[in-house]
Amino acid sequence: MAVLLFGVWALLALTSCPGATEELFEVSVWPSQALVGFGQSLVVNCSTTCPDPGPSGIDTFLKKTQVDKGRQWKAFLLEDVTENCVLQCFFSCSGVQKDTSLDVTVYQPPEQVILELQPDWVAMDEAFTVRCLVPRVAPLEHLTLTLFQGNQELYRKNFVSLALASQNAEVTISITAHRENDRCNFSCSAELDLNSQGGGLFRGSSAIKVLRIFEFVQRPLIWVSLVLEVGTTEPVSCEVARVFPAKEAVFHMFLGDQELHPFLSWKGDTAWANATVRATETGAQELSCFVSLGPVEQETRRPVHVYSFPPPVLQIEESYPLAGTDVNVTCSGHILTSPTPTLRLQGAPDLPAPGEPARLLFTAKEDDDGRNFSCEASLEVQGQRLVKTAVLQLHVLYKPRLEESGCPRNQTWVEGKEQMLACVPEGNPAPTLVCIWNGISIDLEVPQKATQNHTGIYRCTATNRLGSVRKDIAVIVQGRREQSSSTIFLLGVIFLVLGINTAALYFHFRPCKTKEDGTAVPAGRTRQSEEKPVGCSTSGEKTVWCSTGRNV
């Protein structure tokens, strides 16, 4: 610094003209343009051409300190420069004072550029604002702010210098939201150009902001049965239409305080949530669905009634009664059913009184084995008629039977073919069947090739724990010749019947002759025959067929 000040003084000394009057002196200041960063310091040198200057200094409101001097110059340190100002550098020579001014410009680069989207979620077709703010930037007359949507320039603004050296710069524009704006990037850039003052170009950029566009105007719809049975699983669905973007809709579903866990789906501008609900308490409850998208939440609530309705209780006093014994069947409502259901027992002649079970008393027969009894309970819940049914099967125990339909007494086998004895016993419990032929027990499940030796009487016995029954079965093995003779005889009968029918048709429709006058006469008859033909017809002069009306 001392070398610099000495150089300035030497330059002034060389340029002064010897013999010039002291009244012609000059006052100068260095630097000629002062550009200083906000809060920084500046060294100013004041000098004069007066050979013997008097009082001198700097006139400014800034904090100043003289750091060096010479005969014709002085150097001052200006500290913490935060505002633009004009300082005066003065010298006096032989009682005459002269001064010169220096404009001090404070600059502050755009170190912080802030972009704001208000709001960041915008309803479709509504306006939103894009705001760019640069705090503490100077000088404003050299600042340019530019707003961008993606890489496209939206707006550019230049500023006019104001009184303060450092202040905020701001630009705000309003835009109408459209669906294509969704997920668009917005940014802001700031440029402070001080090239004209020797300070260079300063740039700053904001962080990128993403705009979200949404449409959500309709309340969700809940699809669920108005009545739910406690302890059972029922499907429930919540759907919302005209929502964009549909896949970003968030669903929350509750049954009372119980939160459900839905599976979300969407298609186009419709989103829905499917879940299953399992009520654990009876009574009136509320199913609610909350759907949120961005800053908006819609909700729908729907009352449901939870009821308890277990199947009715069907009881048969004796599930395996003996044939001929009494059977008592009772149909009653479950103790957890509320209110009391209406009961109907299949086969019961009358409906029971409210709150009373339905009963049926009868004598078991063998034909009742396998009979199904149905107990139906109906309940009115919130205007809906609900029905539950219980079914039991009756098993009647009875002795074995060998009925003719299942075990024919006479059976014919064909020689050389695989044959089995046809005998299926009836009874409950299912009886075992043993058949004896020629003192040998035969296997009733394995077919055997029939021979003439199989002809004879088979004695079959069916047995269960209630008793047994016996039946003799006569088996005849028919040979192949007998079978052929039967076939020939049958064919002969068929041909005989066909021949008789053919002859009858011939005599009924036999040919006849025609008289000279054109009248038809049956063949073999004279004109004097008293029989008159019936139904004769002619075809030119040829013989035609006619009917005499007689039965042949």
Side-chain angles (χ1 to χ4, degrees), residues 309-335 337 341-353 356-379 386-413 418-437 441-448 457-475:
F309 186 20
V313 179
L314 178 61
Q315 294 176 316
I316 300 179
E317 186 176 4
E318 176 57 55
S319 298
Y320 291 84
L322 291 173
T325 61
D326 290 339
V327 177
N328 187 12
V329 183
T330 305
C331 169
S332 57
H334 199 281
I335 58 174
T337 304
T342 300
L343 301 174
R344 182 185 298 274
L345 176 59
Q346 180 184 5
D350 301 317
L351 292 177
E356 294 293 326
R359 301 181 185 277
L360 175 64
L361 180 62
F362 67 99
T363 300
K365 301 178 181 178
E366 295 180 3
D367 293 341
D368 290 326
D369 183 39
R371 177 180 175 183
N372 289 324
F373 290 89
S374 173
C375 172
E376 180 183 279
S378 61
L379 187 66
L386 307 175
V387 176
K388 290 289 184 72
T389 303
V391 177
L392 281 180
Q393 189 175 62
L394 180 66
H395 302 278
V396 179
L397 303 180
Y398 59 95
K399 295 180 180 181
R401 296 185 308 187
L402 293 175
E403 299 290 344
E404 189 68 17
S405 58
C407 189
R409 187 178 300 275
N410 297 302
Q411 300 184 25
T412 300
W413 293 2
E418 297 287 337
Q419 304 281 182
M420 293 178 59
L421 193 66
C423 188
V424 178
E426 298 179 11
N428 193 16
T432 58
L433 180 66
V434 176
C435 294
I436 304 298
W437 174 68
S441 176
I442 65 173
D443 191 344
L444 298 175
E445 296 183 356
V446 178
Q448 51 188 328
I457 303 299
Y458 292 74
R459 175 161 294 179
C460 295
T461 305
T463 305
N464 65 10
R465 62 185 176 87
L466 300 179
S468 63
V469 63
R470 180 181 297 173
K471 188 173 187 179
D472 291 339
I473 301 174
V475 174

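A quick note: this is a predicted structure, and the numbers were derived from the prediction, not measured.
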Min side-chain heavy-atom separation P431-T463 under 4.5 Å: no
Closest non-hydrogen atom pair between L343 and P357, with its separation: CD1-CA, 4.1 Å
C375 and C331 SG atoms less than 2.5 angstrom apart: yes
CG on L397 to CZ on R465, rounded to 0.5 Å: 5.0 Å
Flag side-chain contact, heavy atom, 4.5 Å: P352 against R359: no
Partner set under ring pair (Phe, Tyr, Trp, His ring centres under 6.0 Å) for Y398, not counting sequence neighbours: none
Heavy-atom side-chain contact between V391 and T389 under 4.5 Å: yes
CA sep, side-chain torsions, deciding dist, call: K388, L379, side chain to side chain contact (heavy atoms under 4.5 Å, CB included): CA-CA 9 Å; K388 290 289 184 72; L379 187 66; over 6 Å; no
Under 3.5 Å donor-acceptor, N328 side chain and E317 backbone: no
The single option from V469, T432, L433 passing side-chain contact (heavy atoms from CB on, under 4.5 Å) against P425: L433
Within-4.5 Å side-chain heavy-atom neighbours: N372 and Q346: no
Heavy-atom check, side chain of W413 versus side chain of L421, under 4.5 Å: yes
Pairs involving residues 395-413, ordered by first then second residue, that meet salt bridge (charged side-chain N to carboxylate O under 4.0 Å, His left out) (sequence neighbours left out): E366-R401, R401-E403, R401-E426, E404-K471
Taking every non-hydrogen atom, the tightest pair across I473 and C407: CD1-SG, 3.5 Å
V329/L314 under side chain to side chain contact (heavy atoms under 4.5 Å, CB included): CA gap, chis, key distance, verdict: CA-CA 7 Å; V329 183; L314 178 61; 3.8 Å; yes
Least distance between heavy atoms, D368 atom then T363 atom: OD2-O, 3.8 Å
From OG (S378) to CG (L386), nearest 0.5 Å: 9.0 Å
E318 and V327: CA distance, side-chain angles, deciding distance, side chain to side chain contact (heavy atoms under 4.5 Å, CB included) verdict: CA-CA 7 Å; E318 176 57 55; V327 177; 6.0 Å; no
Ring-face cation contact, F362 with R371, 6.0 Å cut, 45° max: yes
Gap separating the OH atom of Y320 from the CG atom of L394, nearest 0.5 angstrom: 9.5 Å
Heavy-atom pair with the smallest gap, counting every atom of R470 and T461: NE-OG1, 3.8 Å
N410 side chain near P408 side chain, heavy-atom distance below 4.5 Å: no
Partner of I316 under side-chain contact (heavy atoms from CB on, under 4.5 Å), chosen from T330, L392, L360: L392
Nearest heavy atoms of L322 and V396, plus distance in Å: C-CG1, 4.2 Å
N/O donor-acceptor pair under 3.5 Å between Q393 side chain and G370 backbone: yes
Sulfur-sulfur distance C435/C423 under 2.5 Å: no
Which atom of A364 lies closest to which atom of P321, heavy atoms considered: CB-CG, 4.3 Å
Euclidean distance, L345 CG relative to S374 OG, rounded to 0.5 Å: 8.0 Å
